[in-house]
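One structure below.
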Amino acid sequence: MIKYKDCKIYISKENIRVFDIDDINFCLRKIPAAYIEVAMNRFVYVDNAATTCVYEEVISAMEPFFKKNYGNASSIYGLGRESSIALEKARSDIAECINAEKNEIFFTSGGSESDNWAIKCAVSSNKNRIISSPIEHHAVMHSINSLVKKGFLAKYVSIDNFGLISPENVSSLLDERTALVSVMMANNEIGTIEPIEEIAAICREKNVLFHTDAVQAVGHIEVDVKKLGIDMLSMSAHKFHGPKGVGALFLRNGVKLPPFMDGGAQEDGMRAGTENIAGIVGMAKALEIATGNLRENCKKIEKMRNKIINNLMKIKKTRLTGHPEKRLPGNASFCFEGIEGESILLSLDACGICASTGSACTSKSLEPSHVLLAIGLPHKIAHGSLRITFCEDNNEDDVDYILEKLPLIVEKLRLMSPIWNKDQQS
Ligand SMILES: *Cc1c(COP(=O)(O)O)cnc(C)c1O
């Protein structure tokens, strides 16, 4: 930062929020060197499982639908028809990206709504049982809990220490009153990728509906709903560089589900409400870009992830959480013994690094994440969790910067930690 009276200018290398080299040059010419103070502000965003930045091309694709083409897709004049054409094009583009049919895509307000719809509407009084996993996202877990309160029955499959679900166990829990199996495609905290194709095949054989929360998977790994044999799938635009507040539910042709939202006849009478055209167009654009660059992005992201994992695992009393191989390309998640995840986050934030933890003080409970407990970690260890999630906008410099800061942060926090010091003595 250059300080000169009231003039503040931010200088940066890459990744930094505000900079304009012309301004800097201007000031360097005008301001006596003695008054110039320079600080490098780094900003490294590695919380891409929480949300992602919106691609520039996505913003450009959305813009006309706020300004020029603001028509309601249900109106019959030209302006409305333009919206309706854009809506249907977005629907077929998205369908193509996951190998679905156009009429199998229903737009929603995001991943949470899609999960609520699939779960709450699939059960009925004569088929009142649901099977799920203990590591689902809250949108699935709490939807199921609300059904349980109404008298429905939920059973949870067992998982191993990597968070991997056993298809055989799913099979053994199924009975003639099971309405639905809901198992996520990839876990948002620990990154484990589940054997969806096997689980879907078991459900199909037993004639039970199968839903998967694929919010972390779509746009990040290959998703082909036909090959996987899925009945219902949830996705969300803001997890793949699209806008927030828009998502979709894939509903395989032939699957009968009641509407989620009553009102107008939008979305084939299944989900009422004037369509979020700009958001939907943005979602389609983002998914097209993400799936178009999937292989190349995966390679780049995996390389960064592996470097972080290999180096952070050198810190003593550190564990990798999630499966060592069957994991999302961008996910590196850990537990550092003897310290609190929240403290790590605050120290990282002070260095301009945005990451995440599974010890959820954010949810106002001091309980560690249900995912970390479900993979068998004791409370004490689960409290020291950290999740780093990369996207293709990150680079080697980001990785090196994290590796420069994080081991020192862990060391410093451990020196201050009564738990750590006690454990070291015993
Ligand atoms: C983010 C997320 C959701 C919720 O999606 P929203 O669009 O934010 O409602 C659901 N499931 C998983 C696995 C997620 O990561």
Side-chain angles (χ1 to χ4, degrees), residues 45-54 58 94 98 105-120 132-146 159 163-165 182-194 196 199 211-221 223 230 232-250 260-261 271 273 276 278-280 282-284 286-287 290 321-323 326-333 354-358 360 362-363 369-372 374-375 385 387-391:
Y45 184 82
V46 281
D47 199 13
N48 289 283
T51 196
T52 54
C53 68
V54 182
V58 169
I94 288 171
I98 60 165
I105 303 293
F106 296 85
F107 291 111
T108 64
S109 67
S112 300
E113 183 184 325
S114 301
D115 287 343
N116 270 263
W117 187 2
I119 289 161
K120 291 178 180 169
S132 189
S133 87
I135 58 168
E136 296 296 312
H137 188 272
H138 283 147
V140 166
M141 204 168 87
H142 293 167
S143 291
I144 294 176
N145 289 350
S146 91
I159 54 167
L164 213 53
I165 291 159
S182 179
V183 165
M184 69 200 322
M185 194 170 290
N187 186 272
N188 46 306
E189 289 186 37
I190 57 175
T192 301
I193 299 173
E194 302 297 348
I196 293 302
I199 299 171
H211 165 254
T212 186
D213 175 337
V215 173
Q216 291 290 337
V218 172
H220 299 275
I221 56 174
V223 176
I230 296 164
M232 300 188 273
L233 170 147
S234 304
M235 59 173 125
S236 176
H238 76 99
K239 301 287 172 78
F240 50 77
H241 303 276
K244 293 170 184 57
V246 56
L249 181 67
F250 154 81
F260 185 61
M261 195 86 90
R271 200 277 187 183
N276 173 6
I280 289 166
M283 175 174 176
L287 190 55
T321 54
H323 200 280
K326 292 172 190 156
R327 70 186 299 137
L328 288 169
N331 178 295
S333 51
C354 311
S356 167
T357 175
T362 40
S363 68
S369 108
H370 64 284
V371 176
L372 299 176
I375 58 171
S385 68
R387 179 186 72 183
I388 293 172
T389 43
F390 293 104
C391 78

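We count ligands from 1, going down the list as the structure has it; atoms in each ligand are counted the same way.
Of the possible donor and acceptor atoms, none in the side chain of S236 sits under 3.5 Å from a partner among the backbone N and O of V215.
Ion pairing between a basic and an acidic side chain is recognised when a charged N comes within 4.0 Å of a carboxylate O; R271 and E113 show such pairing.
Considering H137, H138, H142 in turn, H138 is the only one that fulfils the ring-ring contact (aromatic ring centres under 6.0 Å, His included) rule with H370.
Contacts of K244 classified as side chain to side chain donor-acceptor pair (under 3.5 Å), with partners at least two apart in sequence or in another chain: T51. Residues passing the side-chain contact (heavy atoms from CB on, under 4.5 Å) test with S114, sequence neighbours excluded: T108, S234, L249. Partners of H323 according to the ring-ring contact (aromatic ring centres under 6.0 Å, His included) rule, which considers only residues two or more places apart in sequence or in another chain, are F162.
Taking a heavy-atom cut-off of under 4.0 Å, ligand 1 is surrounded by G110, G111, S112, D115, H137, M184, N188, D213, V215, Q216, S236, H238, K239.
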